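One structure is given below, encoded as structure tokens.
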Amino acid sequence: MYPEEHRPQIRALVVDDEPLARKNLTVLLRLDPEIATVIECGSGMEAVEEIRSSRIRNSGPDLVFLDVQMPECDGFDVLEMLGSDLPAAVVFVTAYDQYALQAFEAGALDYLLKPFDNARFELALGRAKEKIARGRSPQSTLEWLAVKSVGQMTFVKVSEIDWIEAADYYSCLHLGTKTQLLRRSMLELERELDQAVFCRIHRSTIVRLARVRGLQLNESGEYDVLLDNGTKLRLSRRYRKQLQSRLHVSGSPQTPPR
């Protein structure tokens with residue numbers, strides 16, 4: 001571990017509508033010397049407001065323990081509303097195991113099933129601390145991704161990726177007419193890929209900006225992103241402004257310049 005004077009200081013946020021559940025997690029977190037602060041929120045909307053306001057003060061949380069089922073605004077709503085403002089590590093906490101797959105698709109690092117013991121909590125916290133440490137380390141532009149399969153490893157050149165979609169516990173890389181399954185979450189890839197080159201357009205989709213040729217209104221009144229190979233991808237309202245900003249387009253969605 002780190003020497004006392006070099007321990008990373010981690011800001012944690014606990015989100016749960018049950019006071020006792022929040023208290024239990026807070027007590028466990030404060031036992032760890034690497035946790036500098038722990039803030040509690042009793043609802044999803046309170047958590048969104050806390051994260052957004054703290055980012056303005058440059059003191060946003062690094063780690064969030066997030067309950068899945070909460071009135072009005074559940075854990076998945078929180079992630080959707082935050083978009084690219086998500087903290088480095090998100091751990092879902094719930095009494096129901098049917099949400100596990102959806103949690104990983106949404107970018108959660110881990111999934112704590114209530115009631116959990118101290119050992120399982122320590123495992124989740126350890127994973128979170130490792131991920132936060134990696135994010136704080138200086139990184140060069142990601143050029144290759146290693147795709148592991150039975151008995152072999154394939155190296156994919158990032159410059160050949162057109163778009164990426166969530167696929168259960170994997171991310172599916174689209175490279176021209178070929179695809180590769182990578183066991184990485186969309187959130188991890190979004191953080192590691194060059195944001196000047198790639199953009200999240202939906203909870204389940206990341207695109208290479210150079211492949212975008214326009215936006216088209218669909219039958220449901222929402223917009224699809226059109227790629228230069230004819231592919232249509234759903235554009236979430238929560239990511240529309242981000243995409244327009246990256247494409248240097250203002251006002252109503254229009255076809256971006258070539």
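Just so you know, these numbers come straight off a predicted model, no measurement behind them.
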Exercise for the section: Could you walk me through whether D74 and Q69 pass the side chain to side chain contact (heavy atoms under 4.5 Å, CB included) test, one step at a time? Expected result: CA-CA 5 Å; D74 66 21; Q69 287 196 314; 5.8 Å; no
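- Of the possible donor and acceptor atoms, one in the side chain of N229 sits under 3.5 Å from a partner among the backbone N and O of T231.
- For the pair L29 and A12, the tightest heavy-atom approach, listed with the atom from each and the gap, is CD1-CB, 4.1 Å.
- Judged purely by atom type and a 3.5 angstrom limit, R11 uses its side chain to pair as donor or acceptor with the backbone of G60.
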Handout entry: Test log, rule side-chain hydrogen bond (donor to acceptor under 3.5 Å, both in side chains), inputs T37 and Q9
Key = CA-CA 8 Å; T37 60; Q9 294 299 289; over 6 Å; no
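- When every heavy atom of C199 is checked against every heavy atom of L209, the shortest pair comes out as CB-CD2, 3.6 Å.
- Among all heavy-atom pairs drawn from R22 and G42, the shortest one is NH1-CA, 3.5 Å.
- Listed for the D17 side chain is no donor-acceptor partner under 3.5 Å among the backbone atoms of M70.
- No donor-acceptor pair closer than 3.5 Å links the side chain of T205 to the backbone N or O of I201.
- A donor-acceptor pair under 3.5 Å links the side-chain atoms of K131 to the main chain of A88, judged by distance alone.
- Across every non-hydrogen atom of I161 and R208, the tightest pair is O-NE, 2.7 Å.
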Exercise for the section: Give the intermediate values and the outcome of side-chain hydrogen bond (donor to acceptor under 3.5 Å, both in side chains) for residues T26 and E40. Expected result: CA-CA 8 Å; T26 298; E40 297 182 18; 2.9 Å; yes
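- S54 contributes a side-chain N or O that, together with a main-chain N or O of E50, makes up a donor-acceptor pair within less than 3.5 Å.
- Counting only distance, with no hydrogens or angles, the side chain of R200 and the backbone of E190 share no donor-acceptor pair below 3.5 Å.
- With respect to the salt-bridge test (charged N to carboxylate O, under 4.0 angstrom), the residues R184 and E192 qualify.
- Between F76 and F92, the ring centre distance stays below 6.0 Å.
- A donor-acceptor contact shorter than 3.5 Å is absent between the side chain of R55 and the backbone of P61.
- When all heavy atoms are compared, the tightest approach of A210 to D228 is O-OD2, 4.2 Å.
- Distance alone, capped at 3.5 Å, places no donor-acceptor pair between the N118 side chain and the F121 backbone.
- Closest of all the heavy-atom pairs between S171 and I164 is CB-CG2, 3.9 Å.
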